[in-house]
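Encoded as structure tokens, the structure appears first; notes follow it.
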Amino acid sequence: MEIGNLLTVIIFLPLVGSLLMLFAPSDRSIRWFALLVTFATFLLSLPLWFGFDVVNAAELQFRGVEFSLISESLDVRYLVGIDGFSLLLVLLTTFLGPIIVLCSWNYITENTKAYYILLLILQTGMTGVFCAFDILLFYIFFELTLIPMYFLIGIWGGERRIYAALKFVIYTMAGSLLMLVAILYLGYAAGNAINDGVFTTNYFKLLTFNVPFGMQSWLFVLFAFAFAIKVPLFPFHTWLPDAHVQAPTGGSVVLAGILLKMGTYGLVRFCLPLFPSASASHTLLIGIFAVIGIVYGALVSRAQTDAKKLVAYSSVSHLGFVVLGIFAFTLESLQGAMIQMINHGISTGALFLILGMLYERRHTRMMDDYGGIARSVPVLTFFMVLTVLASAGLPGLNGFVGEFLILVGAFSSDAPGMQTLTVIATTGVILAAVYLLWMLSRMFFGPLTHEANRSMSDLNMRELVILVPMALLMILLGLMPQPFLKVSEPAAENLLQIIEHKRAVVERDDPSLERIFEFNQRPLPSSTSEAPPAILEP
């Protein structure tokens, strides 16, 4: 099998598995079949890493079969591939697949077949989002994730699951429907300008379309609004704590590990290269929202009594760093943002896994119901300490690498106000250590405050199989980040070249815009061609 077609198999194997699961005869066979499908998908994704050409990481690789999605009269195609931005996110998705199945093994006891079917459909949607290079195909996968996640929260969630599920759907649909309007408008405008009047959503054709600044501004707002909700960026974050708290453990890991990254990935993949001038003009505003989210999320985390809600608000803070790095427009900050997406998925996903294991034992999320449990569960405590330190950004563990690159890159940016915002954002690192270590101390150390905690069982073999790979990745990414950073570096460099080139074209057409973009004026391409750098072409 060609590796390009293998990518299509990786995307749709979970969907095929969900259909075959309809014939599974028992709960036990359902669990094992779901584990088999997700583990096979992960194994099939490994050749993507070993066969990836790091030197040409900015190019579309492993491109498989391509065909028209709707009709030949519309340039809407099934076009999938991976580049330096999407490879790590695809591998993160397939890596977490079997882990999510294993963490649900004993947690989900009702409607088991429906749960795992929805989980597999969700994996197809998430993988497709990171591989789609037709913007309408991206939207289809983006929306596909909404349906199974709604039911995962609404059926297997906590007491307020219906409220949380509806809030999640309303927020997400409000943003994505506006994005659909922008996609349709952009497709017709690009078709008339560069595609002989044929509507097009081909990503590479859209890159060659220099959108006028006036059109860029409102198209950027619609796209960025949809992605800001998904991140979620302050002040569009209020759906996330409810969704996390009410979702089952597997749902929380999906949300923290993968779904939130669809928002930050969308900002990098679409907003920056398609609307570079509008992105530059909104840098200060989005930077302010990101920093507010960093500090606000950290302060609110410290005020929580529910451990799961504390970790949920910590995601608002940590992903604020990612957004800040994206809109600093430097190579270091962009690379930091990309690696921090992976780091957050691993460390915060591991926090939700550990809290889920504690919930299975004590059926409570309140920190006051624990205390001193390190005496009862020393092995679990080891993994919790490691994960907390990684999430807090301790040097030598994965969280430090991303945050350091983001802060260094953002501080060196010439974007207006970015240095001040970076200084304020640095307090988020300190506050993260405060609320995470406070949670750790309150739950695991000190005297045993509840007799029920004295007889609590430690990790079993299934739980060790879940946590050991997560812990190894935290250490590996912390000590040896370079192989992972090399994957995104050419793509980040190419993105900055595209932004510079397209901004130069817009400024040439309207010289009055030069004052808006006085920052980050690196040498621009000497060519006056309307096309962006060709190295992104498949």
Side-chain angles (χ1 to χ4, degrees), residues 14 17-18 21 24 27-28 30-35 37-38 93 95-126 145-169 171-172 239-260 304 306-315 345-346 348-366 369 380 387 459-460 462-463 465-467 470:
S18 69
M21 195 178 288
D27 286 354
R28 179 179 173 82
I30 289 166
R31 294 187 183 96
W32 280 104
F33 184 75
L35 181 61
V37 171
T38 51
T93 304
F95 169 75
L96 288 179
I99 288 176
I100 293 166
V101 171
L102 284 172
C103 81
S104 307
W105 206 264
N106 296 328
Y107 192 95
I108 302 300
T109 57
E110 298 180 357
N111 300 316
T112 308
K113 182 180 291 188
Y115 175 85
Y116 287 107
I117 287 174
L118 291 169
L119 209 57
L120 293 177
I121 295 172
L122 183 58
Q123 181 162 335
T124 287
M126 294 184 299
T145 63
L146 182 63
I147 301 169
M149 196 66 220
Y150 168 77
F151 286 111
L152 288 174
I153 298 172
I155 297 176
W156 293 275
E159 294 180 358
R160 302 188 67 202
R161 58 186 179 273
I162 301 301
Y163 168 78
L166 285 173
K167 192 173 184 180
F168 165 72
V169 167
Y171 267 72
T172 306
W239 64 269
L240 181 64
D242 292 311
H244 266 314
V245 170
Q246 299 304 320
T249 300
S252 292
V253 176
V254 170
L255 272 172
I258 309 167
L259 273 183
L260 305 187
Q304 299 306 311
D306 183 326
K308 204 173 183 184
K309 186 170 282 190
L310 182 150
V311 178
Y313 275 107
S314 77
S315 290
I346 294 169
T348 305
L351 284 175
F352 279 117
L353 286 168
I354 293 171
L355 293 178
M357 293 169 187
L358 289 174
Y359 185 81
E360 288 185 31
R361 288 160 169 78
R362 291 281 281 109
H363 302 288
T364 177
R365 300 186 305 267
M366 298 296 112
D369 292 330
L380 189 150
T387 306
L459 296 181
N460 56 40
R462 175 181 60 85
E463 292 166 335
V465 169
I466 292 172
L467 290 178
M470 306 283 278

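Model, not experiment: these values are computed from the prediction.
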Side chain Arg362, main chain Tyr359, donor-acceptor under 3.5 Å: no
Value for CG (Leu310) from OG (Ser315), rounded to nearest 0.5 Å, stands at 10.0 Å
Determine, step by step, whether Leu96 and Met470 satisfy the side-chain contact (heavy atoms from CB on, under 4.5 Å) criterion, reporting the C-alpha distance in whole Å, the side-chain angles of both residues, the deciding distance to 0.1 Å, and the verdict. CA-CA 9 Å; Leu96 288 179; Met470 306 283 278; 4.0 Å; yes
Aromatic rings Tyr115 and Trp156: how do their planes relate, parallel, tilted or perpendicular, breaks at 30° and 60°? perpendicular
Heavy-atom donor-acceptor pair, Thr38 side chain to Leu35 backbone, under 3.5 Å: yes
Parallel under 30°, tilted from 30 to 60°, perpendicular over 60°: which one fits the rings of His244 and Phe352? parallel
Please round to the nearest 0.5 Å and tell me the distance separating atom CG of Leu152 and atom CG of Leu118. 5.5 Å
Mind checking the OG-NZ spacing from Ser314 to Lys309? Nearest 0.5 Å is all I need. 13.5 Å
Residues that Lys167 engages under salt bridge (Lys or Arg N to Asp or Glu O under 4.0 Å), provided they are two or more places apart: Asp242
So, do Ile258 and Leu122 sit near enough that their side-chain heavy atoms are less than 4.5 Å apart? no
Would you say Met21 and Ile30 make side-chain contact, with heavy atoms under 4.5 Å? yes
Determine yes or no for a side-chain-to-main-chain donor-acceptor pair under 3.5 angstrom, with Lys308 supplying the side chain and Ala247 the backbone. yes
Scanning both residues in full, the closest heavy-atom pair of Ala243 with Ile153 reads CB-CD1, 4.0 Å
Between Tyr313 and Leu240, is any pair of side-chain heavy atoms under 4.5 Å apart? no
Report the C-alpha separation of Leu259 and Met126 in whole Å, then their side-chain angles, then the decisive distance to 0.1 Å, and conclude whether the side-chain contact (heavy atoms from CB on, under 4.5 Å) test is met. CA-CA 7 Å; Leu259 273 183; Met126 294 184 299; 4.1 Å; yes
Shortest non-hydrogen pair, His363 vs Glu360, comes out as NE2-O, 3.5 Å
Trp105 side chain vs Glu463 backbone, donor-acceptor pair below 3.5 Å: no
Sub-4.5 Å side-chain heavy-atom contact between Tyr116 and Phe33: no
How many angstroms lie between CZ in Arg462 and CG in Leu467, if you round to the nearest 0.5 Å? 10.0 Å
Heavy-atom distance under 4.5 Å between the side chains of Val37 and Gln123, does that happen here? no
Gly349 and Val253: which non-hydrogen atoms are nearest, and at how many Å? O-CG2, 3.9 Å
Once you round to the nearest 0.5 Å, how far does OG1 of Thr387 lie from CG of Leu353? 9.0 Å
Can you find a heavy atom in the side chain of Phe151 that is under 4.5 Å from one in the side chain of Ile121? no
Inter-residue atom distance Ile117.CD1 - Thr112.OG1, 0.5 Å rounding: 10.5 Å
If you define the side chain from C-beta out and look only at heavy atoms, does anything of Thr172 sit under 4.5 Å from Met149? no
Compare every heavy atom of Thr249 with every heavy atom of Cys103, then report the nearest pair and how far apart it is. SG-CG2, 4.1 Å
Compare every heavy atom of Asn106 with every heavy atom of Thr109, then report the nearest pair and how far apart it is. CG2-O, 3.5 Å
Side chains of Val245 and Arg160: closer than 4.5 Å at any heavy-atom pair? no
